[in-house]
Amino acid sequence: MSFSGTVKEELQRKIDNARHCRIAELAALIAFNGEILLDSQGQTILRVSSENQGVIRKYFTILGKTFKINDEVSIDERIVRKNNRFTIDVKNQETVVKVLQAVKILTADRQPAAVQGMVNQMVIQKNCCKRAFLRGAFLCAGSISDPKKFYHFEIVCASPGKARQMQELMQSFEIDAKIVKRKKYDVVYVKEGAQIVELLGLMGAGISLMNLENVRILKGMRNTVNRKVNCETANINKTVNAAVKQMEDIEYIQNTVGLEKLPENLEETARLRLKYPQASLKELGALLSVPLGKSGVNHRLRKISSIAEQLRGFKEEQV
């Protein structure tokens, strides 16, 4: 199962204790996957359909727990599968009215309520209700990429207005959500790993949150190791290049005027470098008749390089 599927499976099992939070999640399920229809007798039907049977089961569970529905027909008998989608209809008129009034689609006198975006703000006034609505929205239209590859969280919305409301809901928790147009849909997305962890926590996916954090820790450790290796490699390359240049300068002096023409301390250093081309400055300093530190050895080698450059310049003048 994908990481996104695992998160959804965990969220499907979470049922809020507070009635107002269950109504907020119900509002999300209806907003994303719901339809209000009329049958041939003019009766109102509340239909919710999804490709995920677990979402439909959770919808039915929330309905029963929130509105005390005692239906003798089992949920398996009520779920209809058609064109790879699972559908469940609420046909009892009293229940339909109660549900629509609870999610603020109908007013108290059973008139259609004006709703801007995807949900009436009265349904998601509290932070706990916002979290429940976010959970329902993700179950219906969300996805998360495999964190081992990259970080990406998104919820697909049917219109710009709905996308803006979802963005504002996430931003109320200081989540830097952005919107992008994808064909006929507006997608609200987050790409920062730490904020995706925050979103999982807000929705109540504690186990998935820990799994994602473990991946982030491992990736962070791997990146740290890679940076150290790259740094060490760069330092080794720098050391090798410096040693090669020192050897070239010493050999040039040896082939022109001879190393014996150098001051005694520089001659000793030059001969040691020729004898131990791979030695570090610290190791060279320890091999000197009078041991010297790294900076002292480096100073001598720079003097030798300066002398070599002077000799090269003198030869060019002669030519």
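Just so you know, residue 1 is the first one in the sequence shown, and it goes up from there.
- The existence of a salt bridge linking Lys261 and Glu267 is excluded, since no basic side-chain nitrogen approaches an acidic carboxylate oxygen closer than 4.0 Å.
- Between Phe138 and Phe153, the angle of the ring planes stays under 30°, which puts this pair in the parallel group of the 30/60° scheme.
- Taking a cutoff of 4.0 Å between a charged side-chain nitrogen and a carboxylate oxygen, Arg85 and Glu35 do not qualify as a salt bridge.
- Between Leu38 and Gln43 there is no side-chain heavy-atom pair separated by less than 4.5 Å.
- Residues Lys181 and Asp186 are paired through a salt bridge, judged by an N-O separation under 4.0 Å between the basic side chain and the carboxylate.
- Classification of Glu248 and Lys245 as a salt-bridged pair fails, no side-chain N sitting under 4.0 Å from a carboxylate O.
- Open room surrounds NZ on Lys126; 12 or fewer heavy atoms of other groups in view lie less than 6.0 Å from it.
- Residue Ile207 qualifies as open at atom CD1: its count of foreign heavy atoms under 6.0 Å is 12 or below.
- Judged by distance alone, the side chains of Ser289 and Glu268 do bring a donor and an acceptor atom under 3.5 Å apart.
- Atom CD of Glu260 has more than 12 neighbouring heavy atoms from other residues, nucleotides or ligands inside a 6.0 Å radius.
- With salt bridges taken as basic N to acidic carboxylate O contacts below 4.0 Å, one links Glu154 and Arg182.
- When only modelled atom types and interatomic distance are considered, Arg302 and Ser305 share no side-chain donor-acceptor pair under 3.5 Å.
- Cluster membership for Val103 and Ile45, using ILVMFWY side-chain heavy atoms within less than 4.5 angstrom, is not shared.
- Salt bridge status for Glu10 with Lys14: absent, with no side-chain N to carboxylate O gap under 4.0 Å.
- Within a 6.0 Å sphere centred on CG of Asp39, other residues, nucleotides and ligands contribute more than 12 heavy atoms.
- Using a 4.0 Å cut-off between a side-chain N of Lys or Arg and a carboxylate O of Asp or Glu, Asp249 and Arg312 qualify as a salt bridge.
- A continuous path of Ile, Leu, Val, Met, Phe, Trp and Tyr side chains, each step under 4.5 Å between heavy atoms, connects Val297 with Leu266, placing both in one hydrophobic cluster.
- Other residues, nucleotides and ligands contribute only 12 or fewer heavy atoms inside 6.0 Å of the CE atom of Met122.
- With a 6.0 Å radius and a threshold of 12 heavy atoms from other residues, nucleotides or ligands, Lys303 has its NZ atom at or below the threshold.
- For the pair Cys157/Val187, no side-chain contact is recorded, criterion being any heavy-atom separation below 4.5 Å from C-beta on.
- In the displayed structure, Lys219 atom NZ is contacted under 6.0 Å by more than 12 heavy atoms of other residues, nucleotides or ligands.
- The pair Arg22-Asp16 does not meet the salt-bridge criterion, since no charged nitrogen lies less than 4.0 angstrom from a carboxylate oxygen.
- Hydrophobic clustering (ILVMFWY, side-chain heavy atoms < 4.5 Å, transitive): Leu169 and Tyr185 are in distinct clusters.
- Using a 4.5 Å cut-off between side-chain heavy atoms of Ile, Leu, Val, Met, Phe, Trp and Tyr, with links allowed through other members, Met170 and Val180 fall into different hydrophobic clusters.
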